[in-house]
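Here the structure comes first, spelled out in structure tokens, and everything after it is commentary.
Atoms within each ligand, like the ligands themselves, are counted from 1 in listed order. What you see below is based on every heavy atom in this structure, not just the backbone, and it leaves out hydrogens, waters and symmetry mates.
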Amino acid sequence: MAAGIRNELLMNTSLINELAEVAKDSALMHGFLVRLNESLNSSEVVTYAPITLFPTPVPKSLFLQAMEVQTHYNTLVDKISQDPDFLQEALASTITVDDFTARLFKIHQQVLKEGLLQSIVVGLNRSDYMWEQEENGHTSLKQIEINTFSVGAGGIASRIPDVHRAVVMFLVAENEFNIVDQRIIEKELWKGNIATIRKRFEDISESGKLDENKRLFVDHQEVAVVYFRNGYMPHNYRSEKAWEARLMMECSLAVKCPDISTHLAGTKKVQQVLAKPGVLERFFPNQPQIVERVRATFAGLYTLDMGAEGDKAVAMALATPDRFVLKPQREGGGNNIYGQDIREVLGKVKYSPERMAYILMDKIQPVPTQNYLLRRGKPLKLSHCLSELGFFGTYVRRGKDMVMNDCVGYLMRTKSSEHSDSGSTVGVSFFDNPLLF
Ligand code: ADP
Ligand code: MG
């Protein structure tokens, strides 16, 4: 759609109202649904998932660039997960001050001590990007982060041998907003005659056990694959028992999607360390073209470790906070710090090791677009929007052999520019589609 026609369309109020109703019904027809916030644990009443009315224009070259680099990101995450020395070094400062990452790291060490039983690794990543217009008019793709844990989409587990006599276990939360997303994956697995069960940490504590060969049984059923959809936030571990359940799963023969080392490879601290000169070369030795392609998508990332480099980053952030995002080692949205809040938070910890719990990142300045954002109960109005595009990558490794490594899809989300500093896409973002040009 040419820009002119699009702009004209955006102003045609009666047509917009009509199209909005069609779009909502279309979402219902396609089962594009979510539960209501006020009844997260029930499917009695559901609504359409938040969507943009129109797809958002995305330069085709950037789309292809992100798609192409995804398999390299898969390789990178997988290599990091097999490099305990690197993880130890990269996370050393973080784990002295961040208790959650420290606990995950402890599980990682314990698993290493006991020896890895399972040679099959299933990875499911999503690398998220925004794109910026540079001064020379050229548009460039910048990675926000890579998610290695609890990423939606699936179907890959069907490639794993032996699963027919066991089940795939979804490790889930108590209340699930994203139930439809998970049910779609369950349905695909059932289509392939693979049974699925849904369990919470509490269920594993109560009825999970390892046999003498470290096979994992839950309710007397052997679990072939644990697919984590919960466990990435500190409050997901409601008691010590939940941590014990995580350790039991990690030490078991079951294939984990992802395993603990892959989880740690997805931390923001690792993302920042990867941006340091020479680090990517460790994972892609003698492959300068791949290094260059991966590095081209990095935004500026700065350490806040104690020392001259960290001091410089602190000074920079305090002087021009609007240019940066301050990120703690958390996932799931709403944790990042922007603007004046950076002055406040960093001001307090600027001389203390507590600052090492964060990393500093250049704020990406995406090109805004206009669109209508549809959400239950929200009045229809033209909004200034910012978009981000995530690419799903999946791989299966058996021992040293990559059995598959693919880019398997994408996810486009758009939010109103009012929320550019909310640090979250949760609750403020709308599903969208890229319109390539
Ligand atoms: P989380 O693990 O909580 O998803 P992210 O790093 O993905 O953390 O940040 C959450 C959201 O904040 C992103 O989806 C994006 O909208 C915004 N954001 C994060 N980093 C940046 C950045 N460097 N520049 C601009 N926006 C950002
Ligand atoms: Mg994110």
Side-chain angles (χ1 to χ4, degrees), residues 50 52 56 66 73 77 94 98 100-101 104 124-134 140-153 177-178 228-236 258 263-272 274-275 297-302 304 313 316-317 320-339 341-342 357-369 373 383-393 410-432:
T52 60
T56 295
Y73 267 119
V77 165
T94 309
D98 185 84
F100 181 61
T101 313
L104 295 173
L124 187 47
N125 304 319
R126 200 190 64 232
S127 181
D128 291 336
Y129 304 92
M130 287 173 159
W131 47 102
E132 295 183 313
Q133 187 112 38
E134 289 171 358
S140 70
L141 189 71
K142 290 286 167 248
Q143 186 186 51
I144 300 168
E145 63 153 353
I146 187 154
N147 304 278
T148 64
F149 195 91
S150 185
V151 177
F177 180 69
N178 255 329
F228 285 101
R229 292 302 297 255
N230 190 30
Y232 51 91
M233 296 195 244
H235 72 254
N236 297 155
H263 185 177
L264 289 170
T267 52
K268 294 179 171 71
K269 182 65 194 176
V270 166
Q271 183 187 8
Q272 176 257 303
L274 287 175
T297 65
F298 286 177
L301 288 148
Y302 314 91
L304 291 172
M316 208 163 66
T320 49
D322 288 336
R323 281 182 42 214
F324 300 101
V325 184
L326 183 65
K327 297 190 176 187
Q329 305 305 309
R330 291 290 172 274
E331 299 294 327
N335 301 298
N336 296 339
I337 299 157
Y338 295 85
D341 294 344
I342 296 185
Y358 301 89
I359 62 153
L360 188 70
M361 183 171 181
D362 278 346
K363 188 170 164 193
I364 306 166
Q365 309 284 353
V367 185
T369 51
L373 304 172
S383 307
H384 259 81
C385 298
L386 307 176
S387 297
E388 43 197 283
L389 195 48
F391 283 80
F392 291 101
Y410 56 85
L411 169 71
M412 177 131 187
R413 290 173 302 172
T414 290
K415 60 185 180 183
S416 160
S417 59
E418 296 156 32
H419 297 294
S420 74
D421 281 4
S422 76
S424 173
T425 46
V426 182
V428 303
S429 78
F430 294 72
F431 291 105
D432 193 351

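By the salt bridge (charged side-chain N to carboxylate O under 4.0 Å, His left out) test, K268 pairs with E145, E331, sequence neighbours left out. The side chain to side chain donor-acceptor pair (under 3.5 Å) search around T369 returns none, not counting sequence neighbours.
Contact annotation for F149 and ligand 1: no heavy atom of the residue comes within less than 4.0 Å of the ligand. Heavy atoms of D362 found under 4.0 angstrom from ligand 1 belong exclusively to the backbone. Both the backbone and the side chain of E331 come within 4.0 Å of ligand 1, judged by heavy-atom distances. The part of E388 lying near ligand 1 is the side chain, judged by heavy-atom distances below 4.0 Å.
The two residues F391 and A66 have their closest heavy-atom pair at CE1-CB, 3.3 Å.
Within ligand 1, counting atoms from 1 as listed, the ones closer than 4.0 Å to a heavy atom of G332 are 1 (P), 2 (O), 3 (O). The atoms of ligand 1 that sit less than 4.0 Å from any heavy atom of M361 are 23 (N). Near N336, the atoms of ligand 1 lying under 4.0 angstrom from a non-hydrogen atom of the residue are 5 (P), 6 (O), 8 (O), 9 (O), 10 (C), 12 (O), 19 (C). For ligand 1, the atoms lying closer than 4.0 Å to a non-hydrogen atom of K363 are 23 (N), 24 (N), 25 (C). With ligand atoms numbered from 1 in the order given, ligand 1 contributes 21 (C), 22 (C), 23 (N), 24 (N) to contacts under 4.0 Å with heavy atoms of V325.
No heavy atom of Q365 sits closer than 4.0 Å to any atom of ligand 1. Every heavy atom of K142 sits 4.0 Å or more from the atoms of ligand 1. Using 4.0 Å as the threshold, A299 has no heavy atom nearer than that to any atom of ligand 1. Taking 4.0 Å as the cut-off, Y338 counts as a neighbour of ligand 1 on heavy-atom distance. Using a 4.0 Å cutoff on heavy atoms, H419 does not count as a contact of ligand 1. Heavy-atom separations between I144 and ligand 1 include at least one value shorter than 4.0 Å.
Taking OG of S140 as the reference point, atom CD of E132 lies at 5.5 Å (rounded to 0.5 Å). Here the CD-CD1 distance, from E388 to I364, works out to 8.5 Å after rounding to the nearest 0.5 Å.
N147 and Y232 are not linked by any side-chain donor-acceptor pair at a separation below 3.5 angstrom, with hydrogens and angles left out of the test. Donor-acceptor pairing under 3.5 Å is lacking for the side chains of T148 and N125. For the residue pair T414/S387, the side-chain donor-acceptor check at 3.5 Å is satisfied.
Below 3.5 Å of separation, one finds an N or O of I364 facing an N or O of ligand 1. Considering both main-chain and side-chain atoms, R413 never comes within under 3.5 Å of ligand 1 through any nitrogen or oxygen pair. The distance criterion of under 3.5 Å between nitrogen or oxygen atoms is met by K327 with respect to ligand 1. When only interatomic distances are considered, the shortest N/O to N/O separation between M130 and ligand 1 does not fall below 3.5 Å.
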For T297 and K142, run side-chain contact (heavy atoms from CB on, under 4.5 Å): C-alpha distance rounded to whole Å, both residues' side-chain angles, the deciding distance at 0.1 Å, then the answer.
CA-CA 5 Å; T297 65; K142 290 286 167 248; over 6 Å; no

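Evaluated for a side-chain contact (heavy atoms from CB on, under 4.5 Å) with Q329, the options V270, T267, N335 yield exactly one hit, T267.
Heavy-atom proximity to atom 4 (O) of ligand 1, evaluated over E145, R330, Q271, K415, is greatest for E145.
At least one N/O/S atom of E145, whether from backbone or side chain, sits less than 2.8 Å from the Mg ion (ligand 2).
Look at K269 and D98 and you find no salt bridge, because none of the NZ, NE, NH1 or NH2 atoms lies under 4.0 Å from a carboxylate O. Ion pairing of R413 with D128 is present here, as a side-chain N (NZ or NE/NH1/NH2) and a carboxylate O approach within less than 4.0 Å.
Aromatic rings from F392 and Y410 are positioned such that their centres are separated by 6.0 Å or more.
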